[in-house]
Amino acid sequence: MSKVMGAVNRKDGRAKVTGNATYAAEHQIPGLLHGYLVTASIGSGQIKSIDTSQAEKAKGVVAVFTHKNPPKIFKPSNNFISSKIYEARLPLSDAQVHYGGQIIGLVVADTFEQAKHAAHLVKVEYETQSPLTEFQKATFKEAPPFMGEELKFEKGNVATVNNAAVKIEATYTTTTELNAPMEPHAIIAQWQGADALTIYEPTQWVMGSQRTYAELFGLPAERVRIITPYLGGGFGSKAMPWPHGILCAAVARHLQRPVKVVLSRRQMTVNAGHRSETEQTIGLAAAADGKLMAIAHDVKSSTSPVDTFTEPCTRVTPVMYSAPNLRYAQELAIMNVGTPTFMRAPGENPGMWALESAMDELAWSLKLDPVELRLRNQTQEHQHQNLPFSAKHFTDCLKVGAERFGWKDRSRQVRSLLRDGQLVGWGMAGATFPALQGVATVKVRLLPDSTVHVLTAGNDMGTGAYTMVAGVAAETLGVSVEKVRVEMGDSQLPDGGMAGGSMMTASLAPAVIKACQDVLKSADCNDATDAWAALRQSGRAAFEATATSAPPEGEKKWAFQSWGAHFCEVTVDEEIGRLQITRWLSVMDIGRVMNAKTAASQVRGGVIMGIGQALMEECLLDPNIGYPVVYDLATYHFPSHADIPRIDVVFVGEPDLNFNLAGARGVGEIGITGVSAVIANAVYHATGKRIRSLPLTPEKLMADFRALTADETRDAQEMKELIASNKSHERVAGHSQNV
Amino acid sequence: MNNFSYSRATSVQNAVQRASTDKNAMFIAGGTNLVDRLKVFLDEPSQLIDVSRLEMKQLEPLASGGLRIGSLVTNTALADAPEVRRNYPMLARAILSGASQQIRNVATVGGNILQRTRCPYYYDTAFPCNKREPDSGCPALTGINRTHALLGASDQCVAVHPSDMCVALAALDAVVEVTGPKGKRQIPFGDFHRLPGNTPERDTNLEPEELITAILLPPLPFAKSGVYLKLRDRASYAFALISVAAAVDLAEEQIKDVRLAIGGVAHKPWRSQEAEQFLIGKAANAATFEEAAKIALQSAKPLAHNRFKVELAKRAIKRSLMLSAAGGVV
């Protein structure tokens, strides 16, 4: 089983490019009604009055729901085992507005256009409070544990390290980033009477959604069916129900009609999660030979008033580098912002931005090759869990990467390379992500027409899971991949776990292998060809077997983690602050590579998303009104093709058979980690300028320029008068609609 | 979106006549800006008069040696036209640096000129905005204003004009030909767009019943060395933080004539005649160009987050003038 599978084309590729892949909002349901959200236009306060009379009279309108007539919803237990929703506060539960853009109503009409138009006619008066949306003004307190894991730790004593050759301490910041999947958040809810519900919704966790919707409506789980055969990207923002989904299903029950709600891009800027702003201070102390003596990592992030989510940046601190003294802690503040959530490599991504930038700063201070610095400080054990890493090949990532990139030929000085009048810089950084595995069940059926049918509720969020499952089944059964049909993403199929935490492959592949082996065993054959013959002879409809995979039981012997290294080249035209990434290489150790093609795509996608974070992504909020000033994919910038260089991806390592039968650790998230740091490190090499705040926009890259503060720009008195005369801050009433 | 009627105009006269009997009517051609605006309640017309099938799609040479561009010529067609690429390369480059290929394929020249400012506060009816709702206030002044105006703004409005094409047209002294109930009139490009002053709701001096029929480009031989430099937050599909259209006419290293317009700095494409006047007769070198850049930005009034644009504009101006003096790039 240890051989690396080849490059297999996507099973779902043709359906997707020809439009035959049906996404949630595209399902055609007879009698479908359309809901459009009414959202708050203030950042904090109470609804004083809400006038729905005009909306109710508008053509095609069936009903308008607000906090005054909320549909029936049961409070869920809201934990990961039984049910979990993104936002603990249920929609329309009271008149309070906790953040700009919060859902305060839903208009249901015969057509989408009628619903949207009527939503615009809802008039709201508010009692407005000044919203807190500025990170610098927030009050931070110790962060609670993240999914049961303490976000503070100390070994040794960082404070007593005083004989270091070099010490550095620096603060690194990231901005509010949006998951911004290509497929907007959407749901169709259809009730069969009062006690059976079918939901078409892009969810990364089909069975979790089933349990949660069941609790929300007081039903047994089997009375809820979730259908998600295709999902157009989620990046963590589609694992659980959001308020719009809960509201849609509740209203559909109330009206006893199928209802669809699709979020606008504008609404997605607050109602579908984001990555919180972060501020991280890293302290490093090292001996002259580069050996780390101490690592200290202090993190601040923010959450909404209605749920707690801490961006767990410190999860990388005990796994990357060995230090006898190591300490980390996280703080959290409540701000008037939408609820943040998981976004591709939550924690690891901003954590690696800070840590890998700091390691680069340390390498320059020590006049040591940053690759060598990392090689010297590798840790063979997880320093918090006190477990050795299984199948760790970080050394190969660094060495193979350095070799392929030509790292030894780099210039050793900053500002030392020029090409076509522009500064050129090289950078490198590490990458990491933990290997996670869930419980997953798969059914395999051998059919008399010489095909194989594989079924599981686990789904493909665009990563290539269909193809991976087909490939593993084909290999185990000894048939070609074309013979395998895979059905996924329906809660009526066996529980396939969650497409999150990069764990779908690790969860599903062992179950597929086992089910395939079992089906051959039950047929008493060595491969599928023999089994098909036996099946036809027997006259039975199918040979079938169901198998379940689970994380290793018993005492933990290993820590499982994936590793990588990125190398890049940038050019900087520093007079005008223009940066171009010109070369990229990523070397990854992810255990067994299940499909070279889709695995490389996952790494590339991660790198591209990381380039967005590094160079342009920023969801700015108006500080006075408390609402994002980005509203679509033209104003929330992420990379265009012209921003992206060729990205070379190389895999190293070996199957991690301590982890699971397939030896695969997953690859969805590791690609984005370390990306921002590599780019900032390359910018430092090019320009001599160390930029510690993301994104690296032109004003930060411009030579001999310092962006001034507000007080320094306009005369302070003039500014005060402006604020005093500005009526825009007094707004308490008007349209509620954010389209 | 409100309900409106839709019909096709049968001729320019027919379009104008119908518009003049309904002050809430709007013309539609490519619709790349208007349809978006309808969807977010920025415009609520009673009727849309589709002018996209009228005969205004010709590119014709003018007797003077210039070019007459029918207002329905698409952005793509104009940027691809050999006479534009050859004689007005800054115009081709400006167009190609804007929007996306798909948008440029349907967007018309007339519509490009009429696109409204893209201030995020204007685009969401949840925000107050003097442009949308006179006297409701301008949250951009004290809010997020990184991309906002440096020049010619008022305390009513600090939005910037978004078009790349218009920056080149301003530099090239284009003339807008319009037809109204009283017949044709010509508006010099510099007088077409307005500064916000106390009437930020008006972006142009076009009357509601007037239809743009053509853009006239006068001949300008030294425009062959013209350049368009656009600086932005990503390499494609982003509005300019700063853009510059520049052309320098050199004789013996002396500046005989020059054109300079800046985008991303004002409510209209900003032609800097002061800087042009300063440059004429001077030696073409970095110091002169730097001085001209200073003059162009001397009345800049930055806000809390856009101060960098003052410096960026100066550097972009100097770079563009240098490039044009060196022969330009296409």
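All chains are named by letter (A, B, ...) in the order of the sequence lines, taking the proteins before the strands, and each is independently numbered beginning at 1. Quantities reported herein were computed from a predicted structural model and do not represent experimental measurements.
- Residue contact with chain B, scored on non-hydrogen atoms closer than 4.5 Å, involves the backbone of Leu621(A) exclusively.
- Contacts of Leu231(B) with chain A are made by side-chain atoms alone, with heavy-atom separations under 4.5 Å and no backbone atom involved.
- Looking at Glu699(A) and Arg146(B), a side-chain N of the basic residue comes within less than 4.0 Å of a carboxylate O on the acidic one, giving a salt bridge.
- Neither the backbone nor the side chain of Pro695(A) comes within less than 4.5 Å of any heavy atom of chain B.
- Asp573(A) contributes atom CG, which lies 10.0 Å from atom CZ of Arg315(B) (distance to the nearest 0.5 angstrom).
- Rounded to the nearest 0.5 Å, atoms CD (Glu575(A)) and CZ (Arg319(B)) are 4.5 Å apart.
- For Leu633(A), the part lying near chain B is the backbone, with the side chain staying farther off; criterion is any non-hydrogen pair under 4.5 Å.
- No part of Ile242(B) comes within reach of chain A, as not one of its non-hydrogen atoms sits under 4.5 angstrom from that chain.
- Note: Ser320(B) OG to Ile576(A) CD1 = 8.5 Å, rounded to the nearest 0.5 Å.
- The most heavy-atom pairs under 4.5 Å with chain B, out of Ala642(A), Ser640(A), Pro639(A), come from Ser640(A).
- Remark: the Tyr627(A) side chain and the Asp124(B) side chain contain no N/O donor-acceptor pair separated by less than 3.5 Å.
- Side-chain atoms of Asp233(B) never come within 3.5 Å of backbone atoms of His637(A) as a donor-acceptor pair (strictly under, hydrogens ignored).
- Taken from OG1 in Thr697(A) to CZ in Phe308(B), the straight-line distance is 7.0 Å, to the nearest 0.5 Å.
- Contact of the Leu241(B) side chain with the Pro698(A) side chain is registered, since non-hydrogen atoms from C-beta on lie closer than 4.5 Å.
- For the pair Pro139(B) and Ile625(A), the tightest heavy-atom approach, listed with the atom from each and the gap, is CB-CD1, 3.7 Å.
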Working note: Asp622(A) + Tyr121(B), criterion side chain to side chain contact (heavy atoms under 4.5 Å, CB included); need CA distance, chi angles, decisive distance, verdict. CA-CA 9 Å; Asp622(A) 179 274; Tyr121(B) 294 98; 2.5 Å; yes

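- Using a 4.5 Å cut-off between heavy atoms, Asn130(B) makes no contact with chain A at all.
- Looking at Pro623(A) and Ile144(B), their side chains come closer than 4.5 Å, going by heavy atoms from C-beta outward.
- Closest approach of Arg266(A) and Phe127(B) over heavy atoms only: NH2-CE1, 3.3 Å.
- Within the 4.5 Å cutoff, the side chain of Phe41(B) has heavy atoms near those of the Lys116(A) side chain.
- Heavy atoms closer than 4.5 Å to chain A are found nowhere in Lys309(B), neither backbone nor side chain.
- Lys39(B) NZ to Ser264(A) OG: the interatomic distance, rounded to the nearest 0.5 Å, is 11.0 Å.
- With respect to chain B, the highest number of heavy-atom pairs below 4.5 Å among Val630(A), Asp632(A), Leu615(A), Val629(A) belongs to Val629(A).
- With a 4.5 Å cut-off on non-hydrogen atoms, Arg234(B) touches chain A through its backbone and its side chain both.
- Contact of the Arg578(A) side chain with the Leu229(B) side chain is registered, since non-hydrogen atoms from C-beta on lie closer than 4.5 Å.
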